Structures are given as C-alpha cells and as structure tokens.
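Because the structure is a prediction, the values reported are computed rather than measured.
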Amino acid sequence: MAKRPTVLVTRKLPAAVEARLERDYDARLNPDDSELDTEALLRAAEGADAIMPCHSEGFPAEVIARLPEGVKIIANFSVGTDHVDLAAAKKRGVVVTNTPEVLNDATAEVTMLLMLGAARRASEGERLVRAGGWKTWSPAFMVGTQVTGKTVGIVGMGRVGKVVAERCRGFEMKVHYHDQRRLPAEIEKGAVFHETLESLLAVADFVTMHCPNTPETRGLINKDTIAAMKDGVIFVNAARGTIVVEDDLIAALKSRKIKAAGLDVFQNEPFIDERWADIENVFLLPHVGSATAETRDAMGFRALDNLDAYFAGREPGDRVA
Ligand code: DGY
C-alpha cells in the first residue's frame, strides 16, 4: 500500500476535521494546542509532506527557505494569507491554499456585533453592570448612536464586504462602498460606489474595513484618512489590525473625532497595545470573526479539500501560490 502523505497540523482543530485528517493522512495533530515557535515548527515539519497551519504561525521568506525539502504544500486553515510570504513559497515551489467563502457569514456577524456594540456602548454597559455600578436610570443614561437608517461605508466589497452589505440592509442602512473596481449592478444592489476612499469616508456614519492586509492597505486608516471621516463616525475593523495606524486611531477616539470603535483585530496580536484597555469608547474582541463551530468545521473541510486535490494530482480549488 502506498504511504499516506504526512500532514503537520499546527493547532488543535475541530473533532470532525481531525477525524478526517486521521482517516486520510498520517496526521501529526496538536491535541494540547501548544504554540509552535519557528524552531519548533521547523522541527515538527521534518519528514512532513504538507503543513496545515493557521494565521497564528508565520511563514516569512526565511522560514520558507528553511522548510524541510519534503514539504510541498501549505494548506492554510484561514482565508487570510498575510502570514505567508507567497512570493517566497512560489519561488520554492511550495503550493499555498486558503479557505475563502466559508467564513463570510461568521465574519459578517461579528462585524454587525462590533457595529452595534460600539454604537450602543455595549462594553461600557457590561462593565458597569458587572462592577455593580448601575445605580440609576434616566433618559440621559448611556445614550448611544442609532444604527438603523444610517450610511455605512464598506471599505473592500469582496466576499465578506458583500455579506456585510446584506446585513446592513436589514438595518435599513444606506450602503456605500469603495473598492478597486465597481461591482456589476446585480451584485451592487443599489449600493453607491466611491472611486476614492476619501469620497466614501466623507459620507459614511459607520466605516467598516473588509480589505486584506497587503502592502497597499497597510496603514490605510491613519491621521489623514481619519481627518477625511465625518466627525462622530463609528469605526469597525474585523479584517486585519495592520490596516490601521493604532496611534492615530487612539488619538481620534480620545478626541471623539471618532465617536466609538469596534475592533476584532489589532497590531501584534495577541500582545496588543496596553492603551486599548483604558479607552472607554471602544468595543474589543479577541480576533473571533470566524470563531463559530460551524465555520471552524467548514474551514477545516475546505483546507482538507485542498490537500486532497493536491495529493490526488489535481489543482487545489483555493490555490493562492
Ligand atoms: C482568517 O481566516 O484569516 C481569520 O482571520 C482567522 O484566521
């Protein structure tokens, strides 16, 4: 019988995903979910044919260069691929895949949670109740911003951005967006296209980020683009922390140029800037956009479909390098 391919799985994955891995591969699982630093990762990859990592493991060019010869594919358990140097992988002949589509709904849900949480001061309210500080009620108490009927500015109308647009329509929001190109009318569904980011920012009551982390989007939200936003805007980011210059966002939250923010992603996760803990008008989540049981299963199956295709000699459906 031919030897089954060996797959290094860097994190603990859902039971059904691990069961399929063990059924079809010589799977090196991580039942304790222990974090692998670069050296541990490279050691664990010795003799493996494939790696199934998450965005929590980095594959910059120097790590790609040191991968054991046998590793032919990195089948990511993530849609984002900014933790992998795709050019270096391509040069080395290592195939890279991701898991698009399957996390659109979960990420759009968290986007709405962030939008509502920021606008309706959910963190402040929760802290107050838990600390036993809720002593009164009056019409002036904990007044937030209404979401219904407002203008949302979606930056990046890709797979997740389009689902967010649908959910925002459920709140009767006017949908505006900026992307590299305008969508066909049947997909746009009346959303207003802005050729420039600045033009979008000038009209949006809510700004929500749905672009990938690329050299072009890194630091896209900075003091200049914040200045282009309406005063009192609500800002939401469930994409990547690197899109935002955090010093500038913190300054804008303190000055109330940005009235409130909802953030699921940060620079330097999970060791985020300590200042976030003290900023009252921000609703914080720990990068859980895709963290539902249904989506985690679907991400694992999608990554496995890519592995199966590769080892069957077919082109993986979600090849990015
Ligand atoms: C993704 O899939 O990119 C999510 O951010 C979780 O890793």
Can you give me the closest heavy-atom contact between Lys230 and Ala202, atom names plus distance?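 What the structure gives for the nearest pair is CG-O, 3.3 Å.
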Quiz question: by atom type and distance under 3.5 Å, do the side chains of [X] and [Y] form a donor-acceptor pair?
| X | Y | answer |
| --- | --- | --- |
| Thr242 | Asn213 | yes |
| Glu172 | Thr148 | no |
| Tyr177 | Glu188 | yes |
| Asn98 | Asp318 | no |
| Ser290 | Arg296 | yes |
| His194 | Ser199 | yes |
| Arg120 | Thr145 | no |
| Tyr25 | Asp308 | yes |

Could you see if Leu116 belongs to whatever hydrophobic cluster contains Leu284? Use Ile, Leu, Val, Met, Phe, Trp, Tyr and a side-chain cutoff under 4.5 Å.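 No, it is not one cluster - the side chains of Leu116 and Leu284 are not joined through contacts under 4.5 Å.
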If Ile, Leu, Val, Met, Phe, Trp and Tyr residues are connected whenever their side-chain heavy atoms lie under 4.5 Å apart, and connections chain through other members, are Tyr310 and Leu86 in the same group?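 The answer is no; the residues belong to distinct hydrophobic clusters.
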Backbone N or O of Thr217 within a donor-acceptor pair of the Thr214 side chain at under 3.5 Å?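 A pair under 3.5 Å: yes.
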Counting N and O atoms only, with roles assigned by atom type, does the side chain of Asn30 sit under 3.5 Å from a partner on the main chain of Ser34, one being a donor and the other an acceptor?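 Yes, the answer is positive, given that a donor and an acceptor are paired below the 3.5 Å cut-off.
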Gap separating the [atom1] atom of [X] from the [atom2] atom of [Y], nearest 0.5 angstrom:
| X | Y | atom1 | atom2 | value |
| --- | --- | --- | --- | --- |
| Phe271 | Glu269 | CZ | CD | 11.0 Å |
| Met52 | Arg28 | CE | CZ | 14.0 Å |
| Lys174 | Phe206 | NZ | CZ | 11.5 Å |
| Asp37 | Leu42 | CG | CG | 9.0 Å |
| Arg218 | Asp82 | CZ | CG | 7.5 Å |
| Glu246 | Arg275 | CD | CZ | 8.0 Å |

Angle class for the Trp134/Phe141 ring planes (parallel below 30°, perpendicular above 60°, tilted otherwise)?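 The arrangement is parallel - the two ring planes meet at less than 30°.
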Just to verify, which of Val9, Val17, Leu13 counts as forming a side-chain contact (heavy atoms from CB on, under 4.5 Å) with Leu29?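 So, applying the side-chain contact (heavy atoms from CB on, under 4.5 Å) to Leu29 and each of Val9, Val17, Leu13, only Val9 qualifies.
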Which residue is it: Leu263, Val282, Ile226, Leu253? I am looking for the one with a side-chain contact (heavy atoms from CB on, under 4.5 Å) to Phe235.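 Result for side-chain contact (heavy atoms from CB on, under 4.5 Å) with Phe235: Leu263.
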